[in-house]
**Q** 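Dropping a structure here in structure tokens format, bear with me for questions.
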There are 2 protein chains.
Amino acid sequence: MSGPMVLDETDERILTVLTRNARATFNEIGSVVGLSAPAVKRRVDRLVASKAIRGFTTVVDPAAMGWTTEAYVSVFCTGVVAPEVLARAWEDIPEIVSAATVTGAADAVLRVVASDVGHLERAIERIRRSGSVDHSDSVIVLSRLIERTGNGREPVEPQDS
Amino acid sequence: MSGPMVLDETDERILTVLTRNARATFNEIGSVVGLSAPAVKRRVDRLVASKAIRGFTTVVDPAAMGWTTEAYVSVFCTGVVAPEVLARAWEDIPEIVSAATVTGAADAVLRVVASDVGHLERAIERIRRSGSVDHSDSVIVLSRLIERTGNGREPVEPQDS
DNA sequence: TCTGAAAGATCAGGTTT
DNA sequence: AAACCTGATCTTTCAGA
């Protein structure tokens with residue numbers, strides 16, 4: 001589909017702008033990075049095609065959606081399990097916001113978001129029922145302190161249009 | 001600044017569209033939710049003003065940015081520490097992608113992203129130096145299995161325009 | 001020097017805001 | 001009505017034959 005993923009400095013600056021505001025116009029981006037709008041569009045299209053950009057999304061206040069309960073779940077499996085097997089077992093559980101295999105005693109750490117404690121309990125039960133889980137250990141989130149996008153860059157508060 | 005945050009079903013459907021693609025036009029959103037473009041714009045503006053929408057952002061492949069090393073860090077503090085104090089102590093450490101106080105033995109769980117193991121080590125040292133941390137326990141991520149936005153809705157792969 | 005690929009600028013038309 | 005998106009076309013640069 002497309003070649004390797006080589007980002008020059010202009011690409012990174014475009015990503016910085018788009019990370020702060022995914023709805024920035026090509027003109028706005030161009031005036032920051034010093035390019036014309038069509039030139040910016042070509043680069044953005046290329047970043048999308050090369051999968052460097054995974055998508056454009058909106059950060060919604062979880063409280064506004066009624067998703068107020070959250071937990072970190074450490075999962076311990078029986079025997080050796082391939083990461084791909086775990087990914088396939090869990091990808092259909094929408095309450096799982098992130099999952100990763102880790103070093104240490106646990107095999108994987110999941111982050112689970114639910115509407116209330118009952119909902120959370122059902123989600124964790126479903127996780128434990130999924131293949132080769134021996135046991136799990138959950139801690140419930142009390143306060144969210146920091147929540148960023150993962151590039152050291154946060155979305156910026158939208159301005160009035 | 002603005003009234004309370006009351007979302008009707010149309011608002012939620014607008015948020016669903018914008019979560020899947022933050023660059024959707026008002027027309028596209030309108031054709032999904034059955035509203036005219038100006039009507040959609042008024043609602044989106046209201047959602048932004050009421051802070052139900054925190055921002056629009058772009059999901060970048062971390063590997064493309066060279067941020068390939070990641071860890072979960074459990075932090076144990078001495079004595080009782082207010083969440084706001086922790087938030088203030090850590091907000092200036094950009095490697096921290098998320099942080100939350102939790103139930104259980106640990107006081108907080110952080111997720112830290114860095115460019116390599118050395119960078120990760122320096123970030124963790126900085127965290128441990130920040131006020132009232134007694135000790136910490138880190139596990140390093142081996143494979144990322146799932147990564148979603150946190151509303152049970154993922155951004156969708158952008159289409160060619 | 002010539003040629004082709006890559007990257008940017010300008011412009012026009014249809015669309016979105 | 002004004003701003004924006006986007007395809008078409010033209011220019012520049014640069015590497016390799």
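Sequence lines set the chain letters: A, B, ... in the order given, protein chains first and strands last, and positions in each chain run from 1. Values in this document were obtained by computation on a predicted structure and should not be read as measured data. The analysis underlying the following values was restricted to heavy atoms, covering all of them including side chains, and did not include hydrogens, waters or symmetry mates.
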**Q** Take atom NZ of Lys41(A) and atom C1' of dA9(C), then tell me their distance rounded to the nearest Å.
**A** 16 Å
**Q** Counting side-chain heavy atoms from C-beta on, which of dT16(C), dC4(D), dG8(C) comes nearest to Thr25(B)?
**A** dT16(C)
**Q** Ignoring the backbone of Phe26(B), work out which of dA7(C), dA9(C), dT17(C) is nearest its side chain.
**A** dT17(C)
**Q** Take Gly34(A) and Ala24(B), find for each the nucleotide of DNA chain C with the closest heavy atom, and name the residue whose nucleotide sits nearer the 5' end.
**A**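 Between the two, 5'-proximity favours Gly34(A).
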**Q** Between Arg43(A) and Asp8(A), does at least one N-O distance fall below 4.0 Å, as a salt bridge requires?
**A**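 Yes, Arg43(A) and Asp8(A) are salt-bridged.
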**Q** Would you kindly give the CG-to-C1' distance between Asp45(B) and dT17(C), to the nearest whole Å?
**A**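 Taking atom C1' of dT17(C) as the reference, CG of Asp45(B) is at 10 Å.
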**Q** What is the distance from CZ of Arg23(A) to P of dA3(D), rounded to the nearest Å?
**A** 18 Å
**Q** Whole angstroms only, please: what is the CZ-C1' distance between Arg43(A) and dT6(D)?
**A**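 Distance check: Arg43(A) CZ to dT6(D) C1' gives 18 Å.
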**Q** Is it true that, when you exclude Glu125(B) itself, more than 12 heavy atoms of the residues, nucleotides or ligands shown sit nearer than 6.0 Å to its CD?
**A** yes
**Q** Check the orientation of Phe76(A) and His135(A). Use parallel for under 30°, tilted for 30 to 60°, and perpendicular for over 60°.
**A** parallel
**Q** Let me know the distance between CZ of Arg46(A) and C1' of dA7(C), rounded to the nearest Å.
**A** 10 Å
**Q** State which of dT17(C), dG8(C), dC4(D) makes the closest approach to the side chain of Asn27(A).
**A** dC4(D)
**Q** So, OP1 or OP2 of dT6(D): does either fall under 4.0 Å of a side-chain N or O from Arg42(A)?
**A** no
**Q** Would Asp61(A) and Arg54(B) pass as an ion pair if we require N to O under 4.0 Å?
**A** yes
**Q** Measure the distance from CD1 on Ile29(A) to C1' on dA3(D) and round it to the nearest whole Å.
**A** 15 Å
